[in-house]
Enquirer: 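Pasting a structure below so you can have a look.
This chain uses plain numbering: 1 for the first residue, then up along the sequence. Nothing here was measured: the structure is a model prediction, and the numbers come from that model. All ligand and atom numbering here is 1-based and tracks the order in the structure.
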Amino acid sequence: MKQIDITTTLTQYDSLEALSKEVQLLFKKAIEARKKAYAPYSRFQVGAAILLNNKQIVTGNNQENAAYPSGMCAERVAVWNAYSQFPENTITKMVITATSLNKKVTAPIPPCGACRQTLSEYEINQKSPIKIYFMGEIGAVYKVDSLKALLPLMFDNSVL
Ligand code: THU
């Protein structure tokens, strides 16, 4: 019997101002997208912006539904929006921001498990890591250098 420990690394930035102008622009786009989220049920609005290797920026926001499971997260709306328009390109960066009409979101909001799994498919296929930055409405920003840092022990098509 042996225990296997898996570690992961995140970088914390104290605020948006500590990030590059490029990433700040992505957050600006994600905030614009977040404001257009359709989230009448949870009142939790999420925006995501993706930078492609051709410098295109593609955004997404969460879209809810009266039949709750039929809604979709901002990250998957964004990644499918990106790959549906630019299937030949690769994603270099993704930023995520969230706010709530119920309370101030001060903690960094990471992508949910299903979004991580979805992102893993594309990161593996494109053979280059996706840098992911996430925050709440205000406060610290977390960064990972690859989706792998958020999804250790991932299930992928190498086992099929
Ligand atoms: N949501 C996202 O858009 N991304 C996540 O990673 C977590 C949750 C959305 C789904 C739903 O519309 C609302 O936030 C509350 O769960």
Enquirer: Assess A39 for proximity to ligand 1: is some non-hydrogen atom of it under 4.0 Å away?
Expert: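 A39: no contact with ligand 1 (<4.0 Å).
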Enquirer: Mark yes when over 12 heavy atoms from residues, nucleotides or ligands other than L101 sit less than 6.0 Å from its CG; otherwise mark no.
Expert: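 Yes, because the 6.0 Å sphere around CG of L101 holds more than 12 heavy atoms from other groups.
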Enquirer: Would you kindly confirm whether V79 and V95 end up in one hydrophobic cluster when ILVMFWY residues are joined by side chain heavy atoms under 4.5 Å apart?
Expert: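 As far as the 4.5 Å side-chain criterion goes, V95 and V79 are not connected within one cluster.
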Enquirer: Check E75 against ligand 1 and report side chain, backbone, both or neither, counting heavy atoms closer than 4.0 Å.
Expert: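 The answer is the side chain of E75.
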Enquirer: How does P110 reach ligand 1, if at all, at less than 4.0 Å between non-hydrogen atoms: by side chain, backbone, both, or neither?
Expert: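 The answer is the backbone of P110.
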Enquirer: Determine, considering heavy atoms only, which of C112, G47, A114, C115 sits nearest to atom 6 (O) of ligand 1.
Expert: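 Nearest option to atom 6 (O) of ligand 1, by heavy atoms: C112.
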Enquirer: At less than 4.0 angstrom from any non-hydrogen atom of P111, what atoms of ligand 1 do you find?
Expert: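 Close to P111: 6 (O).
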Enquirer: Give the residue and atom name of whichever protein heavy atom lies nearest to atom 1 (N) of ligand 1, and the separation in Å to one decimal.
Expert: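 Of every protein heavy atom, C73 SG, 3.7 Å lies nearest to atom 1 (N) of ligand 1.
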Enquirer: Provide the number and element of each atom of ligand 1 under 4.0 Å from a heavy atom of S42.
Expert: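 Within the 4.0 Å cut-off of S42, ligand 1 contributes 13 (C), 15 (C).
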Enquirer: According to a 4.5 Å side-chain heavy-atom criterion applied to Ile, Leu, Val, Met, Phe, Trp and Tyr, with indirect links allowed, do I31 and V46 form part of one hydrophobic cluster?
Expert: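 Different hydrophobic clusters.
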Enquirer: Where is the nearest protein heavy atom to atom 3 (O) of ligand 1: which residue, which atom, and how far?
Expert: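 The protein heavy atom lying closest is A74 N, 2.9 Å.
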Enquirer: Got the closest protein heavy atom to atom 9 (C) of ligand 1, with its distance?
Expert: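 Answer for atom 9 (C) of ligand 1: N62 ND2, 3.5 Å.
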Enquirer: Please report which non-hydrogen protein atom sits nearest to atom 11 (C) of ligand 1, along with the residue it belongs to and the distance in Å to one decimal place.
Expert: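 Nearest protein contact, heavy atoms only, for atom 11 (C) of ligand 1 is E64 OE2, 3.2 Å.
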Enquirer: In terms of relative ring orientation, are Y41 and Y68 parallel, tilted or perpendicular, with 30° and 60° separating the classes?
Expert: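 Answer is tilted, since the angle falls between 30° and 60°.
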Enquirer: Go through the steps for L26 and K93 under the test side chain to side chain contact (heavy atoms under 4.5 Å, CB included), then give the verdict.
Expert: CA-CA 9 Å; L26 287 173; K93 294 188 171 91; 4.0 Å; yes
Enquirer: Among K148, R116, M94, whose side-chain contact (heavy atoms from CB on, under 4.5 Å) with E123 holds?
Expert: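 Going through the options one by one, the only one that passes is K148.
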Enquirer: Less than 4.5 Å apart, side chain to side chain, heavy atoms only: is that true for F134 and L10?
Expert: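 Side chain of F134 against side chain of L10, heavy atoms only: contact under 4.5 Å found.
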